[in-house]
Amino acid sequence: MRTQVGIVGAGPAGLMLSQLLRLNGIDTVVLEKQSRAYCEARIRAGVLEPWTVELLHEAQVADRMEREKMTHGGIEIAFDGKYRHIDILDLTGRDLTIWGQTEIVHDLNRALDEAGNGPVFEAKDVAIHDFDTDKPHITYTSNGESLEVHCDYIAGCDGYHGVCRASLAPDRIQTFERVYPFGWLGILVEQPPVSDELIYAHSERGFALFSMRSPATSRLYLQCAADENLAEWPDERIYEELRHRGGEKVAAHLKDAPSIEKSIAPLRSFVAEPLRHGALFLAGDAAHIVPPTGAKGLNLAVADVRILYRALIEFYKAGRTGLLENYSTTCLRRIWNAQRFSWWMTSMLHTFPESTPYERRLQVSEIEYVTGSAAASMSLAENYVGLPFD
Ligand code: APR
Ligand code: PHB
């Protein structure tokens, strides 16, 4: 098989890249190790920056989102029995969209299928070869058959555990990492959102987040131990803890609806530099992970794609390689901004097992400052809504 860009991974990054390139007449093949049903059932992120929404329009997969989305002009922070609102729309002139990653993946798969260019699902033993030469190729097996894709470029959109970054000799990449001493236990429930806005709750018993997916569906999270056993968390225990951490306003609205999905995710900050290695371009979770507290993971993956697809178009349409050469540097500026913001939100809102009483007082003082000072609120707001691209 011959294509222009071989893409490994059919998460939001790989699918968006394929669709945007297709709309510009550039041929791609997407290889995904999981089944389509598995990929479309995964419950992941749900808060979109205006830039991400804009790119979904550019990719012509925004119709259903525009009909069904919710929008938010702010967030609430709960602490010390208080609820403080940060009016992001008022501060920045822009708002956030609630639209699940699951829905984005579904619509992208459908759009690619309709164009006769859907991903190859259940592609096993994917391996990338010769990306330092002008003859890069990808091998895989499908239904027991060994196949090869020859291409100009390879996009490694295969997430944190993928094969592309793992194919690089350790001395070619520099990695930066912070593993947090806790995780998030998340549930999806059929119950209307407890508030008009997302509530980020700081409490001595740990962080909690009250988010949503639709007017009838809530997404709720609790900070938990990194090695927490899900079996020890029946719904009743989760609700009891959510009530404690969320405070009165939240407790009154929680209906104890049974969970539709329940999972635990560890929290990690991670960057692998650079993002380009010859003909291989890493994008999305393959190159970086942020803790979910700033809602940046999906937006950052899509930001890489925005930069990469424009660079590839410049190459294929104008024969220029300048944007491709700058790809890694351009992405890394945004990545490190998001790293700093996500680390800061995580540090401000979670309970750290090793923190001293002094540090815990400082945390509350910081939340008071961020929610009380126009300058500090603005700093949170402009990052949360997404900083401008260069
Ligand atoms: N071969 C083929 N596909 C692979 C391989 C492999 N060896 N390894 C992983 N994959 C696939 C995964 O099954 C997954 O579908 O690559 C895809 C990567 O998708 P994501 O993990 O969703 O990563 P990305 O597209 O970068 O999107 C990042 O996802 O994890 C969330 O919070 C994160 O919202 C962010 C977004
Ligand atoms: C979510 O709805 O899943 C969500 C929202 C905000 C975050 C993280 C996750 O900061």
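Note: hydrogens, waters and symmetry copies are ignored here, and every other heavy atom, side chains too, is used. Whatever order the structure lists ligands and atoms in, that order sets their numbers, starting from 1.
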Of all the heavy atoms in M345, does at least one lie under 4.0 Å from an atom in ligand 2? no
Taking the six-membered ring of Y160, is the NZ or CZ of R165 close enough (under 6.0 Å from the centre) and on axis enough (within 45°)? yes
Whether W184 and H350 hold their rings parallel, tilted or perpendicular, with breakpoints at 30° and 60°: parallel
Is the shortest N/O to N/O distance between R219 and ligand 2 below 3.5 Å? no
Taking ring pair (Phe, Tyr, Trp, His ring centres under 6.0 Å) as the test, write out the residues that go with Y369, two or more places apart. none
Among all protein heavy atoms, pick out the one at the shortest distance from atom 2 (O) of ligand 2; state its residue, atom name and that distance to 0.1 Å. S211 OG, 2.5 Å
Classify the angle between the aromatic ring planes of W51 and F389 as parallel (below 30°), tilted (30 to 60°) or perpendicular (above 60°). perpendicular
Got the closest protein heavy atom to atom 3 (O) of ligand 2, with its distance? Y221 OH, 2.6 Å
Enumerate the atoms of ligand 2 whose separation from the nearest heavy atom of A295 is less than 4.0 angstrom. 6 (C), 7 (C), 10 (O)
Nearest protein heavy atom to atom 8 (C) of ligand 2, by residue and atom, and its distance? P292 O, 3.2 Å
Do H129 and T139 pair up side chain to side chain, a donor and an acceptor below 3.5 Å, judged on atom types alone? yes
Under 6.0 Å from the ring centre and within 45 degrees of the ring axis: does the NZ or CZ of K33 meet both conditions for the six-membered ring of F121? no
Nearest non-hydrogen protein atom to atom 10 (O) of ligand 2, with distance, is Y200 OH, 2.6 Å
Below 4.5 Å, heavy atoms only, C-beta onward: do R334 and C331 meet side chain to side chain? no
Which N or O atoms of ligand 1 sit under 3.5 Å from a protein N or O, and how far apart is each pair?
| from | atom 1 | to | atom 2 | distance (Å) |
| --- | --- | --- | --- | --- |
| ligand 1 | 3 (N) | K33 | N | 3.2 |
| ligand 1 | 13 (O) | E32 | OE2 | 2.6 |
| ligand 1 | 15 (O) | E32 | OE1 | 2.6 |
| ligand 1 | 15 (O) | E32 | OE2 | 3.2 |
| ligand 1 | 15 (O) | R42 | NH1 | 3.4 |
| ligand 1 | 15 (O) | R42 | NH2 | 2.8 |
| ligand 1 | 22 (O) | R44 | NH1 | 2.9 |
| ligand 1 | 25 (O) | P12 | N | 3.3 |
| ligand 1 | 25 (O) | A13 | N | 3.0 |
| ligand 1 | 26 (O) | D285 | N | 2.8 |
| ligand 1 | 29 (O) | R44 | NH1 | 3.1 |
| ligand 1 | 29 (O) | Q101 | NE2 | 3.1 |
| ligand 1 | 30 (O) | R44 | NH1 | 2.8 |
| ligand 1 | 30 (O) | D285 | OD2 | 2.8 |
| ligand 1 | 34 (O) | Q101 | OE1 | 2.6 |
| ligand 1 | 34 (O) | L298 | N | 3.1 |

Indicate yes or no: does an N/O atom of R213 lie under 3.5 Å from an N/O atom of ligand 2? yes
So which bit of F210 gets within less than 4.0 Å of ligand 2, heavy atoms only: side chain, backbone, both or neither? neither
Does one side chain, of R360 or S355, offer a donor that lies under 3.5 Å from an acceptor on the other? yes
Distance under 4.0 Å to a non-hydrogen atom of V47: what atoms of ligand 2 satisfy this? 5 (C), 6 (C)
Between D107 and R110, is there a salt bridge with N-O shorter than 4.0 Å? yes
Mark yes or no: R84 above the aromatic ring of F79, with NZ or CZ under 6.0 Å from the six-membered ring centre and no more than 45 degrees from the axis. no
Just wondering, are more than 12 heavy atoms of other shown residues or ligands nearer than 6.0 Å to CD in E261? yes
Specify side chain, backbone, both or neither for L198, according to which of its non-hydrogen atoms lie closer than 4.0 Å to ligand 2. side chain
